[in-house]
There are 2 protein chains.
Amino acid sequence: MLDPHLDRPLFRQLADALRDQIITGQLTPGSAVPSIKALEHRYGVSRETIRRALAALRVEGLVVAERGYGTRVVDEQPREQVKVPRGARVRSRMPTEAERAELGIEPGAVVPVLVVTLGGRVRGVYAADRVELTFS
Amino acid sequence: MLDPHLDRPLFRQLADALRDQIITGQLTPGSAVPSIKALEHRYGVSRETIRRALAALRVEGLVVAERGYGTRVVDEQPREQVKVPRGARVRSRMPTEAERAELGIEPGAVVPVLVVTLGGRVRGVYAADRVELTFS
DNA sequence: GGACATTTGTACGTATGTATC
DNA sequence: CGATACATACGTACAAATGTC
């Protein structure tokens, strides 16, 4: 399955394989990703390789890890519609630690924030996986 | 400086220290972050701990790593102003690999994308570190 | 509550590959 | 070509959180 001789790093090959399983529905939202130990046996690579592959998927926002429990495919939540006033400007970036805490972004989840400003003043900071901005 | 007995993991303490140096201007945009070896000596922790700290800062979009050269503090670019039409909706998420390639997001950089849709159809996908949406 | 197995998190060591200077 | 610097990948050990019996 994984080929150390390919140009692509092993952990990326593994991430590709798992991503494919998520996209094709073999791993469904909310379901558990096989444990690190299981993946070690399944793919014959070391723990670090597994962990880096899972870390890459976390960065893509596809999975979240929970200590003592396991890693699961993210279950998309219904999004709140947030109205953006005229004249506003919108940026997106990664949150600071303080923002993570305030917005309740789970440790291990990689979620951008949407920042709405009006006249240079911040009007709102939103976790990007829970809102959709509307311009109307 | 770093204290293994604190509740906070070493690599996060180190990330905090480096982030502080960036925010306070001791490490200026575009300047080099000390090399992994230098940081090993400076803080007395292992290479992996250093790398995880730097990885955390990359996830925050504060630094980028360049193989064979080093790690440097990101230099914020002037942002293109993109007008959003009435009725549009905007989401933000992490890019797919294909989008990364298309938008020219460097490997190792953690940059969200802004997705503008109108009537359910995608009108634009932008690298979040290079644009600001305006609604007027 | 306590004991235990499972699972992820953290942290160290070591070796090799690859790109830049 | 050599030195430097980051990337990948193996191994090991212990800590911390969770669930089960």
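Numbers restart at 1 for each chain; the letters A, B, ... are given by sequence-line order, proteins then strands. No experiment lies behind these values; they were computed from the predicted model shown. As a basis for the values below, the full set of heavy atoms in this structure was taken, side chains included, without hydrogen atoms, waters or symmetry mates.
Looking at Gln26(B) and Thr24(B), their side chains do bring a donor and an acceptor atom within 3.5 Å of each other.
Between Thr71(A) and the phosphate of dT7(C), there is no side-chain N or O to OP1/OP2 separation shorter than 4.0 Å. Distances shorter than 4.0 Å separate none of the side-chain N or O atoms of Arg47(A) from OP1 or OP2 on dC10(D). Checking the phosphate oxygens (OP1, OP2) of dT10(C), no side-chain nitrogen or oxygen of Thr49(B) falls inside 4.0 Å. OP1 and OP2 of dT8(C) both lie 4.0 Å or more from every side-chain N or O belonging to Arg51(A).
Distance Ile36(A) CD1 to dT10(C) P: 11 Å, rounded to the nearest Å. Look at CZ on Arg42(B): it is 17 Å from P on dA5(D), rounded to the nearest Å. If you take CD1 of Ile50(A) and P of dA9(D), they are 11 Å apart, rounded to a whole angstrom. Arg72(A) has its CZ atom 13 Å from the P atom of dT18(D), to the nearest Å. Remark: P of dA3(D) and NZ of Lys37(B) are 11 Å apart, rounded to the nearest angstrom. At whole-Å resolution of the value, CD in Glu66(A) and C1' in dG19(D) are 13 Å apart. Rounded to whole Å, the distance from NE2 on His41(B) to C1' on dA5(D) is 15 Å. A straight line from CD of Glu48(B) to C1' of dA13(D) spans 12 Å, rounded to a whole angstrom.
With respect to Glu76(B) and Arg91(A), a salt bridge is recorded, a charged nitrogen being found less than 4.0 Å from a carboxylate O.
Among the atoms of the strands shown, base atoms are found under 4.0 Å from some heavy atom of Ser46(A).
Distance from the side chain of Val45(A) is smallest for dC10(D) among the nucleotides dT7(C), dC10(D), dA7(D).
Remark: Pro9(A), Leu10(A), Phe11(A) in residues 6-13 of chain A come within less than 4.0 Å of DNA chain D through at least one heavy atom.
Atom CZ of Arg8(B) has more than 12 heavy atoms from other residues, nucleotides or ligands within 6.0 Å. Residue-environment remark: CZ (Arg123(A)) stays at or below the threshold of 12 foreign heavy atoms within 6.0 Å.
Counting only distance, with no hydrogens or angles, the side chain of Thr28(B) and the backbone of Ser31(B) share no donor-acceptor pair below 3.5 Å.
Two residues, Gly68(B) and Tyr69(A), neighbour DNA chain D, and the one matched to the more 5' nucleotide by heavy-atom proximity is Gly68(B).
Evaluated for a side-chain contact (heavy atoms from CB on, under 4.5 Å) with Leu27(A), the options Asp20(A), Ile22(A), Leu62(A) yield exactly one hit, Ile22(A).
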Under the side-chain contact (heavy atoms from CB on, under 4.5 Å) criterion, do Arg79(A) and Val131(A) qualify, and how do the steps go? CA-CA 5 Å; Arg79(A) 288 164 189 258; Val131(A) 304; 5.6 Å; no
